Every structure is written in C-alpha cells, then in structure tokens.
Amino acid sequence: MKHVLKLLSLLVVISALWIGLLQASIIPQSHTWLLPIYFIVSLGCYGLLMVGVGLMRFPTCPEEALLLQQDIAEAKDFLKQKGVDVGSD
Amino acid sequence: MDAAKNKYSIIVPTYNERLNIALIVYLIFKHLRDVDFEIIVVDDGSPDGTQEVVKHLQRLYGEDRILLRPRAKKLGLGTAYIHGLKHVSGNFVVIMDADLSHHPKYLPSFIKKQLETGASIVTGTRYVTGGGVHGWNLMRKLTSRGANVLAQTLLWPGVSDLTGSFRLYKKSVLEDVISSCVSKGYVFQMEMIVRASRKGYHIEEVPITFVDRVFGSSKLGGSEIVEYLKGLIYLMITT
C-alpha cells in the first residue's frame, strides 16, 4: 500500500471516531466539534517540540575537524613521497 | 555467510576532486587493511585532472584495487551509481562521497555491523549519539532538524538520517532498489532508503561524523527547500 494511503486510512479512522463521538454525545457537543482543531494544534506543538529538542541535542563533533586535518596531513606526506600530486586545490 | 569470502566494492563518484580523491584512497587503504575491496571511481569528465591523479594512484596501489570508470560529463549521482554497479565484482557495495565529509575510518564499523546483524543495508547516521556534524551554523542545523522531523512524521522511514549517502548495501539489494528510483540529488538518497524500507529490507544504522568543509560555499536556499518538499510529497505518494 502506498504510504499516502496508509496516512489517509489513519485519517479516516480518526474521523470515524470523531463522528462517533459527535453522535454518542459522551462529551458535550461544543467540545467535540473543536477536537480536530485541538488535534492539529497538538500535532503542530509536538512537531515544534521535536525540532527544538533535536536542535538542542544536535550532535556536534568539533574534534573531528582536527582529526581530519591530521589525517589529511598524514595522507599528503605519504602521497608526496610516492610522487602523487597533492599540491593545493 | 563466510566473512572471509566477502568483497567490498566502494563506488566513489567524483567531479573536480583531484586532491580529495588521493586523500580518500590513502585513508581507505589505511583503514581496510585486512579486507578484500576495490574502489570504483566514477568521474564525470572533471576538467581539473582528477582522472590523471586516479591513474597515478592505480600505478601506486594496483589497477585491480582502483578502477577508473569515467563518464563524458556531469550526469548526476543516481546514474553514477548505476554506472559503477556495472563494474562491481564484490558482493557488497559501499557508496560514499569523495570530498572527505565521509571518513573512511567508519568503513570497518559498517562492515562489522553488517556481519553481526546480517543486514541488507547499513546506513550511516549523523543524528545519533556517537555521530555528529561539524561545520554547520545554527540556521543549517535548524533546517536539517526541521526537515528531518517533517520527513519522519510524513514518511515513517525507519531510519534516523534520510539524506545521508554513506551506505553499505548487499550488491543484489542495491541493484533491486536502484532500479525503482527516479529522483535526483539528495532526494535520490531519500528515495533509495525509503524504497528499501518499504520493500522490507533489513536496515541497520551506524553513527558517523560528518565534517562539512564546503558549507560556506554551498548555501541551502529557498529552491532547495522547495525541492525537498516536492520530494517528500513524491515519496509519500509513490512509496
């Protein structure tokens, strides 16, 4: 099944639940009508939270730049000895 | 699978990487001492003399270890892999960038992970503990994180780093997946891993560090963002 169809079926199930709630009147109708908005807003907030948390915890590796420079120097030494052209880019 | 009989073909597409290709070849040989491998350089007619350097490296390391399979002009990454695949003699294929953002020192960990788990694909991820990125400013990290959250929400891809291009594939799996991919650029990398995931292939991840030395010169502009969004929608509909 194409992914978009999976998402649409999920949407259909959620909509069916929502309509069911509207019919059954377990929760006052005024609240039930607003449920989709609450859902979308929550989803948006969750997304923003995930972006924010991810940004704070974004893994960085400044030491890798140094290690890379060392590796490059080592490689250049070896290659120069063997006559490979490693002049500046 | 008998580990001793595995051969790893490393496809490296190049365009104007006359210096980096020599460095990366040296580092690959340094980190894969007891491994049977070959490096397939797919050069798209670089005007800076990349191919001359590769030929010199062939004399140094052996033409059976370094294969130069060039193309006439810049034809894109996806087709570069397809072209490289035709010359692969190994049962595993590694794809990696030539600009040293992908460090060959991680190759042993890819191989080890695959042997331990029997995975069809091992993909490098920059976004987990043990991995990381250096050289990105806050805006770039924000874009990356936002793009990732969006992709995770919309696609449920099963991997943490969708646009990464440092991967190890079983040769048969790569051939199968690549034949159904049509996108270009980094959307191509996303399409590859998403399609593989949909087909049920066993995918494992290893942390990698990514040192971006060209960030200053390559900006992530509005058009890239639009391309990305179009790519996401395309993948939602077709996978």
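Numbers restart at 1 for each chain; the letters A, B, ... are given by sequence-line order, proteins then strands. Since this is a predicted model, take the numbers as computed values, not measurements.
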Non-hydrogen side-chain atoms of His103(B) and Leu67(A) separated by less than 4.5 Å: no

Contact class of Leu27(B) relative to chain A, heavy atoms under 4.5 angstrom: side chain

Validation row: Arg59(B), Lys82(A) side chains within 4.5 angstrom (heavy atoms): no

Proximal component of Ser144(B), with respect to chain A [non-hydrogen, under 4.5 Å]: side chain

Student check: side-chain heavy atoms of Leu79(A) and Leu23(B) closer than 4.5 Å: yes

Heavy-atom proximity to chain A below 4.5 Å, by part of Val128(B): backbone

Closest approach of His134(B) to Ala65(A) (non-hydrogen atoms, all atoms of both residues): CD2-CB, 3.5 Å

Distance in Å, Leu138(B) CG paired with Leu55(A) CG, rounded so as to fall on 0.5 Å steps: 5.5 Å

Lys112(B) NZ: over 12 foreign heavy atoms closer than 6.0 Å: no

Inter-residue atom distance Thr60(A).OG1 - Lys141(B).NZ, 0.5 Å rounding: 5.5 Å

Exceeds 12 heavy-atom contacts within 6.0 angstrom, atom CH2 of Trp33(A): no

Chain A contact via Ile24(B) - side chain, backbone, both or neither, heavy atoms under 4.5 Å: neither

Heavy-atom contact with chain A under 4.5 Å, split by part of Phe29(B): neither

Side-chain heavy-atom pair Lys2(A), Met236(B) within 4.5 angstrom cut-off: no

Euclidean distance, Gln69(A) CD relative to Leu100(B) CG, rounded to 0.5 Å: 9.5 Å

Neighbour count >12 (heavy atoms, 6.0 Å) for atom NZ, Lys74(B): no

Proximity breakdown for Leu7(A) and chain B, heavy-atom pairs closer than 4.5 Å: side chain

Residue pairs fulfilling salt bridge (Lys or Arg N to Asp or Glu O under 4.0 Å) with at least one residue in residues 18-40 of chain A, sequence neighbours excluded: none

Part of Val149(B) lying under 4.5 Å from any heavy atom of chain A: side chain

Heavy-atom pair count under 4.5 Å with chain A, highest-scoring of Gly132(B), Gly146(B), Gly130(B): Gly132(B)

Nearest non-hydrogen partners of Ile72(A) and Arg213(B), listed with the distance: CD1-NH1, 3.5 Å

Arg145(B): partners by side-chain hydrogen bond (donor to acceptor under 3.5 Å, both in side chains), with sequence neighbours left out: none

Heavy-atom side-chain contact between Thr238(B) and Val4(A) under 4.5 Å: no

Contact class of Leu8(A) relative to chain B, heavy atoms under 4.5 angstrom: neither

Euclidean distance, Phe58(A) CZ relative to Trp136(B) CH2, rounded to 0.5 Å: 5.0 Å

Whether His3(A) side chain and Leu154(B) backbone form a donor-acceptor pair below 3.5 Å: yes

Heavy-atom pair with the smallest gap, counting every atom of Tyr26(B) and Ala75(A): CD2-CB, 3.3 Å

Non-hydrogen side-chain atoms of Met50(A) and Thr153(B) separated by less than 4.5 Å: no

pair Val51(A)-Leu142(B): side-chain heavy atoms closer than 4.5 Å: yes

